[in-house]
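Counting starts at 1 for both ligands and their atoms, following the listed order. Being a predicted model, the structure only gives us computed values, none of them experimental.
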Amino acid sequence: VKQEGGGNIISLSKANHVALSKKAMIEKRLIEALHHKDLSVMYQPQIDLSTGKIDAVEALVRWEDAILGTITPNELIPIAEETGMIHDIGTFMLEKACEQAAHWSKNGMPMKVSVNSSIREFRDKNMVKKIRQTLEKFDCPAHLLQIEITEKFALEAESEQSIIRQMLQLQEDGIVFVLDDFGTGYASFRYMQLLPISELKIDQSFISGILKQEKLQKLVHGMIQFGKSMDIRVLAEGVETKEQYELLTKLGCNAIQGFYVSYPVPASEIEKL
Ligand code: C2E
Ligand code: CA
Ligand code: CA
Ligand code: CA
């Protein structure tokens with residue numbers, strides 16, 4: 001915004017005001033929604049390319065508010081992180097994931113369930129206890145729970161001993177840590193050494209142009225090789241077409257997730273797949 005011409009400044013503050021009140025509104029309604037457990041969960045399947053079968057699903061939060069309408073995770077999560085409500089969303093998602101994973105396992109369809117975690121949740125000293133108690137509550141084997149952390153999370157965790165310790169404790173239990181959005185700008189070899197990461201999810205921004213851009217193809221190939229050399233499973237996110245799936249198979253990718261396999265769907269739909 002230019003300094004000359006006060007009009008610009010006024011319109012900026014107006015825009016700020018509108019943005020603020022939407023945020024305040026979301027915050028207020030979210031407290032209600034969490035109280036009434038009005039959030040829901042969609043599950044998106046992941047296919048293991050060596051077996052061709054669904055071996056895991058990612059749990060994604062959904063919120064349809066009676067007044068505000070649909071609030072997407074990209075809008076919801078940053079506000080929840082800022083206000084601290086991410087703890088309650090995390091608890092809700094963890095409960096749903098453990099309940100669902102235990103249910104599928106008992107019905108002869110063992111599948112891992114992935115939840116997305118914010119670093120703020122791991123700054124809570126009771127995180128390990130909370131996860132252990134939730135697994136126990138639903139009688140869910142620990143190896144069926146996966147926790148997705150972003151590169152940004154990993155980079156910050158690198159210098160926080162208490163977070164590294166908690167992650168190692170959970171890994172001891174059998175919980176799998178997955179590095180989400182791999183390649184989006186925070187890759188560090190140091191956290192690869194320090195954190196117990198078992199899988200990399202190549203961000204969808206690399207996959208969307210992979211058929212047209214040779215450079216992207218080389219980059220993705222390099223990421224897959226990197227994962228192999230570290231003994232880390234590599235999954236490609238945002239796979240939308242058969243051609244992308246075939247190319248990723250050829251490049252040696254371990255697993256895929258994306259609209260080509262399925263959109264995120266309710267748990268009952270996963271059973272049909
Ligand atoms: P993410 O963890 O990278 O999740 C993948 C996102 O890509 C999801 O969006 C999914 O619907 C979408 N997606 C999946 N396959 C495709 C595809 O083939 N093409 C395209 N274009 N998109 C695809 P969604 O559900 O809107 O979530 C957005 C982000 O919000 C997530 O990105 C994650 O960072 C965050 N998020 C979602 N649920 C939670 C949650 O329960 N807790 C936390 N902390 N974050 C969450
Ligand atoms: Ca994720
Ligand atoms: Ca991702
Ligand atoms: Ca993402």
| query | Would you say Glu121 touches ligand 1, if touching means a heavy atom closer than 4.0 Å? | reply | no
| query | Which angle, to 10 degrees, forms at the Ca ion (ligand 2) with OE2 of Glu58 on one side and OD1 of Asn116 on the other? | reply | 90°
| Is there at least one pair of N or O atoms, one from Glu148 and one from ligand 1, spaced under 3.5 Å apart? | no
| field | Close-contact set for ligand 1 against Gln44 heavy atoms, below 4.0 Å | value | 14 (C), 15 (N)
| request: Report yes if some N/O of Leu60 lies less than 3.5 Å from some N/O of ligand 1; otherwise report no. | output: no
| task | Restricting to N/O/S, name the atom of Asp180 that gets closest to the Ca ion (ligand 2). | result | OD2
| said: Please give me the minimum heavy-atom distance between Arg62 and Pro73, naming the atom from each residue. | reply: NH1-CG, 3.5 Å
| With no hydrogens and no angle check, is any side-chain donor or acceptor of Glu158 less than 3.5 Å from a backbone partner on Arg190? | no
| Is there a heavy atom of Glu81 sitting under 4.0 angstrom from any atom of ligand 1? | no
| query | Taking only heavy atoms of Asp181, which atoms of ligand 1 are found under 4.0 Å from at least one of them? | reply | 3 (O)
| query | Between Lys152 and Asp181, is the closest basic N to carboxylate O distance under 4.0 Å? | reply | no
| query | If you check every N/O/S atom of Asp181, which is the one nearest the Ca ion (ligand 3)? | reply | OD1
| request: Answer yes or no: is there an ion pair linking Glu214 with Lys218, defined by an N-O contact shorter than 4.0 Å? | output: yes
| task | Using a strict 4.0 Å cut-off to heavy atoms of Met93, name the atoms of ligand 1 that fall inside it. | result | 41 (O)
| task | Could you please spell out the steps behind the side-chain contact (heavy atoms from CB on, under 4.5 Å) verdict for Leu144 and Val113? | result | CA-CA 6 Å; Leu144 292 181; Val113 180; over 6 Å; no
| What atoms of ligand 1 come closer than 4.0 angstrom to any heavy atom of Glu58? | 2 (O), 4 (O)
| What's the atom name of the N, O or S in Glu148 nearest to the Ca ion (ligand 2)? | OE1
| Lys/Arg-Asp/Glu bridge criterion (N-O < 4.0 Å) met for Lys130, Asp124 | no
| task | Report the part of Gln204 in contact with ligand 1, treating N, CA, C, O as backbone and CB onward as side chain, heavy atoms under 4.0 Å; options are side chain, backbone, both, neither. | result | side chain
| query | Just which atoms of ligand 1 are under 4.0 Å from any heavy atom in Pro264? | reply | 11 (O)
| message | Quick check: Ser118 and ligand 1, any N/O pair under 3.5 Å apart? | response | no
| message | Under a 4.0 Å threshold between the charged nitrogen and the carboxylate oxygen, would Glu32 count as salt-bridged to Arg29? | response | no
| field | Closest heavy-atom pair and its distance - Thr91, His87 | value | OG1-O, 2.8 Å
| remark: Filtering Val41, Val115, Asn116 for the heavy atom nearest atom 44 (N) of ligand 1 leaves Asn116
| request: Kindly give the heavy-atom pair with the smallest separation between Asn116 and Glu121, and that separation in Å. | output: O-OE2, 4.1 Å
| the Ca ion (ligand 2) to nearest N/O/S of Glu237 less than 3.0 Å | no
| Is there side-chain contact between Leu211 and Gln244, with at least one heavy-atom pair below 4.5 Å? | yes
| remark: Judged by heavy atoms only, the candidate from Ile86, Thr184, Val239, Asn74 nearest atom 29 (C) of ligand 1 is Asn74
| query | So, Glu95 and Lys37, do they make that salt bridge, N to O below 4.0 Å? | reply | no
| Residue-ligand contact Gln257/ligand 1, heavy atom below 4.0 Å | no
| task | Output the list of atoms in ligand 1 that are nearer than 4.0 Å to some heavy atom of Glu240, sorted by atom number. | result | 17 (C), 18 (O), 19 (N), 20 (C), 21 (N)
| said: I need the full list of ring-ring contact (aromatic ring centres under 6.0 Å, His included) pairs touching residues 222-254, with sequence neighbours left out, sorted by first then second residue. | reply: Phe189-Phe226, Tyr245-Tyr260
| task | Pick one of side chain, backbone, both or neither for how Thr150 approaches ligand 1, counting any non-hydrogen atom pair under 4.0 Å. | result | neither
| message | I'd like to know if Arg123 pairs up with Glu156 as an ion pair, taking the criterion as any Lys NZ or Arg NE/NH1/NH2 lying under 4.0 Å from an Asp or Glu carboxylate oxygen. | response | yes
